[in-house]
Amino acid sequence: MNSTELANLIFPNAKEISYYEEKYKTRDLSEGALVTRYAPSPTGFNHIGGVMQAMIAQKLAKQTGGKYIVRIEDTDQKREVENAAEQIMQNLKDFDLLPDESIWQEGQYGPYKQSQRAEIYQAYAKSLIEKGLAYPCFCSSEDLEQIRTNQESAKERTGYYGKWTKCRNMPIDMAADKIKAGEPYIIRFKSPGNPEKKIKHKDAIKGNIDLPENDQDIVIIKSDGLPTFHFAHAVDDHLMGVNLVNRSDEWIPSVPLHLQLFYTLGFKSPKYAHTAPMMKMEGESRRKLSKRKDPEANAGYYREIGVPKEAVKEYLMNIANSNFEMWRKQNPDKPMDEFPFDLKKMGVAGALFDLVKMLDVAKNVISRYSAQEVYDEAYDWAKEYDEELLQLLENKEYSLKVLGIERGNAKPRKDIAKWSDLKNAISYMYEFDKENTHFEYQKITDPAEIDKIVKMYFEKYYDPKDDKQTWFDKMKDLAEELGYSREVKEYKANPDAYRGHVGDISTVIRVKLTGRCQTPDLYEIMQVLGKEEILRRI
RNA sequence: GGCCCCUUGGUCAAGCGGUUAAGACAUCGCCCUUUCACGGCGGAGACAUGGGUUCGAUUCCCGUAGGGGUCACCA
């Protein structure tokens, strides 16, 4: 028996690879156009680092007039979590990161789910077997364990390579007999590498890296007929025309293998861009953000607490290209799409994930929103996560006024970082329970004094038609009349001469009307509340 | 352990042989027509370490330490 016959015995139904080479034609794109991909495995929710990868992939494709695709890597059926693929897609949609092609938008290079491409990988594996570049391996997991043990006691590298490859040189007839006898087997790649030699890899982010050649006869087709990641990566990215692979830098050690696979299969290899993962501090040391331990690793977390997607993306972009922050400052109103992203500006070390900084970005993002935009996003969020806030927002006309307080001017408020902050920030504008609101202002506690201030203000000075300056002047007049200073400075210069200062007066009114010592501009609040409500509250 | 990568203030980071070593977040103080928020001004705070190379090293080279990654029929 020869190798072609062996290949036929193993994959009797596989098509010729020329069929696929013909079917998936080279993409017709202009020079320099990048075809990128985000390739998650459906083992759970989308990781925040995945959002960054997807964002980079999308950005590069858009900037160069290329294509951005999403491929679901579900070759490990044991780890697959039901619905995870759909959730990941939904999550990408939530971040406006839907690709040009995916399981949701079939293109000409599909299917976009690896489990549905099994026959494709098998065709390529078959061709390798025919050429003697791959072979069936009958080693059981016990055999492999034994090899490893021997290697460890001999203090040699572990793995299936060189002299340890029991099945590599098995006579074809013997292999065929075993297969016919029903012995379980997998397909291994016959590595031509020599680890004494180094390969030079030029990474789009990390620069030149010297790595030893791969000599491991890695598994390419598992016993369930599906490919391993490595093999699927080579076949898919070749067939789908991907020419730039951005992925986490934990893959760097696999680069020699991948390059070897591309080379042996006769494919042109893509450029690689290996990005540092986001880290988290744990005690004295840092570690990767973990799906299991860290809620903030879940890309869906931000939607839950109500951080706008733009804020999450701006934060991530800032980690990717730190000059983004400067750009944003110079171009406060431009969409992120216009920012010129540059792979070369990506950091090589893993950044500590900083939620505080992200929330600061979020405050700035939200401060640029109009009241209508705040309303719309907050409303959508509340529908899903906060029934009480939703109740408040149902009164749309009034809510727009409330949300418009100190907004849209040159110095907008920056006190909302996430929609889950909103209810507490505005609730007093809607609900005011006079009976159960304690008047708490430490500087003025005498009920008689409070009554006097409130009474005099509303009987003598208050006029809802006043403009802001008049309102302000009246507050000072009131202060003066009651023995408080018109200016804070006067009081500070001569505290014994006054009962207090104008700030105390206005705070009394503020607390009386809102139940809080700290609120946005009192004049605007009174305008929004309106005379009727104000009189009810006092 | 082998291989690979990394190391500038608490954090993210500019820098790419000569700088008073930017900027942002956080922090502290002061200022701003009354609180809060915003804004302004200012303070404190860094080139892991030892050798080279050089007239001169944060920057280039080597070692050390520390950190991270990877060595599966997982991706």
Side-chain angles (χ1 to χ4, degrees), chain A residues 39-43 73-76 78-79 137 139-141 144 148 152 155-160 184-188 195 201 203 206-207 209-212 216 218-224 226-230 232-233 247-256 274 276-277 279 281 284-288 315 318-319 322-323 325-326 328-329 345 347-354 356-361 363 367 406 409-416 425 441 468-469 472-473 475-476 479 484 486-489 501-507 509-511 516-523:
Chain A
S41 51
T43 55
E73 309 228 316
D74 61 341
T75 54
D76 185 358
K78 293 184 291 293
R79 290 204 313 159
C137 171
C139 291
S140 64
S141 52
L144 297 174
R148 168 194 291 278
E152 280 171 356
K155 292 211 183 337
E156 294 196 37
R157 273 188 302 132
T158 56
Y160 207 82
Y185 64 95
I186 47 87
I187 307 298
R188 283 185 188 275
H201 165 63
D203 194 88
K206 309 253 180 192
I209 306 175
D210 289 350
L211 294 157
Q216 300 274 344
I218 58 117
V219 176
I220 57 175
I221 301 288
K222 300 182 286 185
S223 54
D224 60 4
L226 288 171
T228 54
F229 163 80
H230 307 291
H233 158 51
R247 38 139 78 150
S248 167
D249 66 10
E250 69 199 40
W251 291 107
I252 287 178
S254 301
V255 166
H274 288 98
M279 312 293 284
M281 213 59 179
E284 292 291 283
S285 65
R286 36 177 77 192
R287 44 155 248 255
K288 285 200 290 182
Y315 174 70
N318 203 226
I319 287 184
S322 64
N323 56 317
E325 213 164 13
M326 310 273 188
R328 173 49 80 209
K329 202 166 188 175
K345 289 206 172 83
V348 287
L352 223 46
F353 183 83
D354 188 349
V356 175
K357 176 97 182 183
M358 182 195 277
L359 293 178
D360 182 70
V361 172
K363 284 180 189 171
S367 78
E406 290 188 71
N409 54 29
K411 289 182 181 180
R413 293 188 75 76
K414 296 183 181 176
D415 50 356
I416 306 292
Y441 180 44
K468 185 161 184 182
Q469 191 57 50
F472 202 84
D473 290 341
M475 202 59 82
K476 289 182 178 179
Y484 292 73
R486 293 183 69 94
E487 310 291 343
V488 179
K489 276 180 190 163
H501 58 74
V502 62
D504 297 326
I505 295 294
S506 64
T507 300
I509 308 286
R510 182 191 313 279
V511 176
R516 299 188 186 190
C517 290
Q518 299 169 351
T519 73
D521 185 74
L522 185 54
Y523 172 76

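Residue numbers start from 1 in every chain, and the chains themselves are labelled A, B, ... in the order their sequence lines are given, proteins ahead of strands.
- Heavy atoms of A:Ile186 sit under 4.0 angstrom from at least one base atom.
- A salt bridge (Lys or Arg N to Asp or Glu O under 4.0 Å) with A:Asp521 holds for exactly one of A:Lys411, A:Arg510, A:Lys468, A:Arg413; it is A:Lys468.
- Atom pair A:Glu406:CD and B:A37:P shows a separation of 12 Å (rounding to whole Å applied).
- Atom P of nucleotide B:A13 and atom CZ of A:Phe353 are separated by 13 Å, given to the nearest angstrom.
- Along RNA chain B, the nucleotide closest to A:Pro277 and the one closest to A:Thr158 are compared, and the more 5′ of them pairs with A:Pro277.
- Nearest to the side-chain atoms of A:Lys414 among the listed nucleotides B:C4, B:G39, B:A75 stands B:G39.
- Atom name C1', nucleotides B:G18 and B:U58: the rounded distance is 12 Å, in whole Å.
- For the pair A:Lys288 NZ and B:G67 C1', the computed distance is 15 Å after rounding to whole Å.
- Here the side chain of A:Gln518 is nearest to one of B:U35, B:C73, B:C25, namely B:U35.
- Taking atom CG of residue A:Asp415 and atom C1' of nucleotide B:A37, one finds them 5 Å apart after rounding to whole Å.
- Listed nucleotides B:A26, B:C5, B:U33 differ in distance to A:Asp360; the shortest reach to its side chain belongs to B:A26.
- As the counterpart of B:G23, B:C12 is assigned, both hydrogen-bonding distances of the Watson-Crick or G-U wobble pattern falling under 3.5 Å.
- Considering only heavy atoms from C-beta on, A:Leu359 stays 4.5 Å or farther from A:Lys363 through its side chain.
- Between B:U33 and B:G40, the two P atoms lie 16 Å apart (nearest whole Å).
- Note on A:Thr75: a side-chain N or O is less than 4.0 Å away from OP1 or OP2 of B:A75.
- Taking atom CD on A:Glu325 and atom P on B:A22, their separation rounds to 17 Å, with Å as the unit.
- The shortest side-chain heavy-atom distance between A:Cys137 and A:Tyr160 falls under the 4.5 Å cut-off.
- Across every strand in view, B:A57 sits unpaired, with no contact that passes the Watson-Crick or G-U test at under 3.5 angstrom.
- Between A:Asp76 atom CG and B:A75 atom P there is a gap of 5 Å when expressed in whole angstrom units.
- For the pair A:Gln469 and A:Tyr523, the minimum side-chain heavy-atom distance is 4.5 Å or more.
- If you check every strand for non-hydrogen atoms under 4.0 Å, A:Glu73 touches sugar and phosphate atoms only.
- Residues A:His501 and A:Lys489 fail the side-chain proximity criterion, which asks for heavy atoms closer than 4.5 Å.
- Spacing between B:C60 and B:U53 at atom C1', rounded to whole Å, works out to 8 Å.
- Of the candidate nucleotides B:C32, B:A75, B:A13, B:A13 has the atom nearest to the side chain of A:Ala351.
- Between A:Arg148 and A:Glu152 a salt bridge is recorded (basic side-chain N to carboxylate O distance below 4.0 Å).
- Counting only heavy atoms from C-beta on, A:Ser223 has its side chain closest to B:C73 among B:C73, B:C25, B:C32.
- Residue contacts shown for A:Ser41 are limited to sugar-phosphate atoms, with no base heavy atom under 4.0 Å away.
- Between the P atom of B:C25 and the CG atom of A:Leu359 lies a distance of 14 Å, rounded to the nearest Å.
- Within the shown strands, B:C28 is the pairing partner of B:G42 under the Watson-Crick or G-U definition, both distances less than 3.5 Å.
- Note: NZ (A:Lys363) to P (B:G39) measures 10 Å, nearest angstrom.
- A donor and an acceptor atom sit less than 3.5 Å apart, one in the side chain of A:Arg413 and one in the base of B:C36.
- Using a distance-only test at 3.5 Å, with no hydrogens or angles considered, a donor-acceptor pair links the side chain of A:Gln216 to the main chain of A:Thr158.
- The side chain of A:Pro253 lies closest to B:U70 when the candidates are B:C73, B:C4, B:U70.
- Across all strands shown, B:C47 has no partner, as no Watson-Crick or G-U wobble contact with both distances under 3.5 Å is found.
- Contacts of A:Pro40 with the nucleic acid, taken as non-hydrogen atoms under 4.0 Å apart, are absent.
- Heavy atoms of A:Asp504 sit nowhere under 4.0 angstrom from any nucleic acid atom.
- The separation of B:C5 from B:G42, taken at their C1' atoms, amounts to 40 Å, rounded to a whole angstrom.
- For A:Arg286 and B:G10, the shortest distance from a side-chain N or O to OP1 or OP2 is not below 4.0 Å.
- Between A:Lys468 and A:His230, the one whose closest nucleotide on RNA chain B sits nearer the 5' end is A:Lys468.
- Between A:Lys222 and B:A75, a side-chain N or O to OP1/OP2 separation shorter than 4.0 Å is present.
- Within the 4.5 Å cutoff, side-chain heavy atoms of A:Arg157 are placed close to those of A:Pro195.
- Of the side-chain N and O atoms in A:Lys411, none sit less than 4.0 angstrom from OP1 or OP2 of B:C32.
- In this structure, A:Arg510 reaches the bases: a heavy-atom distance under 4.0 Å links it to at least one base atom across the strands shown.
- Contact annotation: A:Arg148 side-chain N/O to B:A72 OP1/OP2 distance is under 4.0 Å.
- Closest contact between the side chain of A:Thr519 and the listed nucleotides B:C6, B:U35, B:A24 involves B:U35.
- Between A:Ile209 and A:His274, every side-chain heavy-atom pair lies at or beyond the 4.5 Å cut-off.
- If you take atom P in B:G23 and the same atom in B:A46, they sit 15 Å apart, rounded to whole Å.
- The gap from the C1' atom of B:C28 to that of B:A13 amounts to 22 Å, rounded to the nearest Å.
- Using atom C1' as the reference point in both B:A48 and B:U7, the two lie 7 Å apart (nearest Å).
- The partner of B:U70 is B:G2, judged by Watson-Crick or G-U wobble contacts that both fall below 3.5 Å.
- Among B:A14, B:A75, B:A24, the nucleotide with an atom closest to any side-chain atom of A:Arg79 is B:A75.
- Base-pair partner of B:U7: B:A65 (Watson-Crick or G-U wobble, both distances under 3.5 Å).
- When side chains are defined from C-beta on, A:Arg328 does not count as touching A:Val361, because their heavy atoms never get closer than 4.5 Å.
- B:G15 and B:U59 are spaced 15 Å apart, taking the P atom of each and rounding to whole Å.
- Here the nucleotide nearest the side chain of A:Met326, chosen from B:C6, B:G68, B:G23, is B:G23.
- Using the Watson-Crick or G-U wobble rule with both distances under 3.5 Å, B:U33 pairs with nothing in any strand shown.
- The side chain of A:Glu250 lies closest to B:U70, out of B:C12, B:U70, B:C74.
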